[in-house]
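Working notes for the structure below.
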Amino acid sequence: MTDTYDYRELIRPLIAVLKDKTGAEVYESSFEGRQPKDPFLTYEPITPYIPLSVDVVDDEIWECTWSIDAVADDMIKAMSLAQKALKVLRTQEASLTFEDVGIYLVEEGQAERRDVPYIEGVQKRRVGFDIRIRVQDHFTDDVQTIDSIEQENKEA
């Protein structure tokens with residue numbers, strides 16, 4: 001039996017493309033620590049596993065959904081960064097980069113407001129969108145196989 005899918009294989013190229021093409025830092029949505037300087041992007045898994053078939057285990061192709069949010073001190077900055085991130089993910093260059101590592105962007109949502117209050121009543125503006133990604137797991141189950149069958153002819 002081999003290991004299951006390592007989500008770092010998905011998130012590392014996604015972060016690299018977003019950071020490189022938008023110029024913004026990218027953080028896990030629920031990160032701990034100091035609030036980074038804005039504007040910045042966050043990511044969060046929404047549905048980490050959506051099976052596409054019910055009976056495939058070996059080398060399974062499946063999908064997952066992720067939320068990408070732009071955070072800034074004003075709405076215009078947040079909207080602009082979210083829209084830029086969304087457009088970046090739709091480019092041919094991003095598609096080819098993702099395909100090289102077995103990631104396929106199958107659906108992108110529309111950018112929408114997602115404001116949330118932060119500590120000490122400081123309001124940050126958040127605009128984001130969801131994406132649906134298709135990947136292939138290289139998990140294989142170690143099962144015993146029948147290599148050959150011999151038939152005995154018994155005459156009565």
Side-chain angles (χ1 to χ4, degrees), residues 1-54 56-141:
M1 193 176 309
T2 59
D3 289 336
T4 58
Y5 190 78
D6 182 352
Y7 285 90
R8 288 176 291 214
E9 293 177 26
L10 180 152
I11 203 64
R12 284 180 180 151
L14 183 64
I15 290 171
V17 165
L18 287 170
K19 185 176 180 177
D20 181 52
K21 299 302 178 188
T22 66
E25 293 296 322
V26 183
Y27 301 94
E28 182 179 343
S29 184
S30 302
F31 67 91
E32 292 184 19
R34 302 187 119 212
Q35 177 78 23
K37 184 177 189 281
D38 56 82
F40 59 91
L41 295 167
T42 64
Y43 64 90
E44 179 177 25
I46 302 299
T47 311
Y49 175 76
I50 303 167
L52 297 180
S53 67
V54 293
V56 175
V57 174
D58 292 353
D59 296 314
E60 177 186 17
I61 296 172
W62 50 275
E63 294 179 353
C64 52
T65 55
W66 292 75
S67 176
I68 308 294
D69 291 340
V71 181
D73 58 359
D74 73 62
M75 185 56 68
I76 299 300
K77 285 181 189 174
M79 286 189 308
S80 298
L81 181 55
Q83 191 64 25
K84 186 174 186 178
L86 186 55
K87 293 228 183 230
V88 159
L89 293 178
R90 291 178 175 160
T91 64
Q92 183 180 23
E93 182 180 358
S95 293
L96 294 174
T97 299
F98 296 149
E99 286 177 21
D100 286 345
V101 291
I103 298 170
Y104 301 90
L105 191 60
V106 294
E107 186 179 333
E108 312 91 19
Q110 297 178 24
E112 52 193 13
R113 290 183 62 178
R114 298 178 174 180
D115 289 347
V116 293
Y118 275 83
I119 357 180
E120 300 175 14
V122 176
Q123 179 75 23
K124 292 288 184 179
R125 299 299 177 190
R126 184 180 292 258
V127 176
F129 56 92
D130 295 340
I131 57 175
R132 189 167 178 143
I133 296 172
R134 184 172 295 154
V135 296
Q136 183 171 14
D137 195 342
H138 296 291
F139 173 84
T140 53
D141 189 10

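Side chains are part of it too, since the values below use all heavy atoms of this structure and drop only hydrogens, waters and symmetry mates. Computed from a prediction, not measured in an experiment: that's the story for all the values here.
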Smallest heavy-atom separation, Arg114 atom then Gly128 atom, equals CZ-C, 3.7 Å
Evaluate Asp74 against Arg125 for salt bridge (charged side-chain N to carboxylate O under 4.0 Å, His left out), listing each step before the verdict. CA-CA 6 Å; Asp74 73 62; Arg125 299 299 177 190; over 6 Å; no
Leu18 and Ile68: side chain to side chain contact (heavy atoms under 4.5 Å, CB included), yes or no, with the steps? CA-CA 10 Å; Leu18 287 170; Ile68 308 294; 4.2 Å; yes
Taken to the nearest 0.5 Å, the spacing of Arg132 CZ from Ile46 CD1 works out to 12.5 Å
Close side-chain approach of Lys19 to Glu25, heavy-atom, < 4.5 Å | yes
One should read off an interatomic distance between Ser80 OG and Lys77 NZ, to the nearest 0.5 angstrom, of 10.0 Å
Contacts of Phe98 meeting ring-ring contact (aromatic ring centres under 6.0 Å, His included) (sequence neighbours excluded), chain-then-number -> none
What one should report as the nearest heavy-atom pair of Ala94 and Val17 is CB-CG1, 4.0 Å
Report task. For the residue pair Glu44 and Trp66, establish whether any side-chain heavy-atom pair is separated by less than 4.5 Å. Result -> no
- Heavy-atom neighbours of Glu93 CD exceed 12 at 6.0 Å: no
- [ ] Let me see the working for Thr42 and Arg126 under side chain to side chain contact (heavy atoms under 4.5 Å, CB included), right down to the final yes or no.
- [x] CA-CA 10 Å; Thr42 64; Arg126 184 180 292 258; 3.3 Å; yes
Practice task
I would like to know whether Tyr27 and Val71 meet side chain to side chain contact (heavy atoms under 4.5 Å, CB included); could you show each step before the answer?
Solution key: CA-CA 11 Å; Tyr27 301 94; Val71 181; over 6 Å; no
Taking every heavy atom of Asp137 against every heavy atom of Thr4, the minimum-distance pair comes out as OD1-C, 3.7 Å
CD (Gln136) and CD (Glu9) are apart, to the nearest 0.5 Å, by 11.5 Å
So CD1 of Ile133 and CD of Glu108: to nearest 0.5 Å the spacing works out to 10.0 Å
Residues at least two apart in sequence or cross-chain that pass ring-ring contact (aromatic ring centres under 6.0 Å, His included) with Trp62, listed by chain then number, are Tyr5, Tyr7, Tyr49
*asked:* Within the structure provided, determine whether Ile103 and Leu14 are in side-chain contact (heavy-atom separation under 4.5 Å).
replied: no
>> Any salt bridge linking Asp6 with Arg12? Criterion: basic side-chain nitrogen under 4.0 Å from a carboxylate oxygen.
In response: no
Under 3.5 Å, is there a donor-acceptor pair between the side chain of Thr47 and the main chain of Thr65?
no
Pro39 and Ala72 have their tightest heavy-atom pair at CB-CB, 4.0 Å
What do the steps show when you test Gln110 against Phe129 for side chain to side chain contact (heavy atoms under 4.5 Å, CB included), and what is the final call? CA-CA 6 Å; Gln110 297 178 24; Phe129 56 92; over 6 Å; no
For Leu86 and Ala111 the tightest heavy-atom approach is CD2-N, 4.1 Å
*If we only count heavy atoms from C-beta on, is the Asp73 to Asp38 side-chain gap below 4.5 Å?*
yes
| query | Do the non-hydrogen side-chain atoms of Asp115 and Met75 ever get within less than 4.5 Å of each other? | reply | yes
- request: Taking the side chain as every heavy atom from C-beta outward, state whether Cys64 and Leu10 have any pair of such atoms under 4.5 Å apart.
  value: yes
Thr22 and Ala85 have their tightest heavy-atom pair at CG2-CA, 3.9 Å
Interatomic distance, CZ@Arg134 vs CG@Leu52, rounded to 0.5 Å, equals 5.5 Å
Subject >> Student check: side-chain heavy atoms of Thr91 and Lys21 closer than 4.5 Å >> reply: no
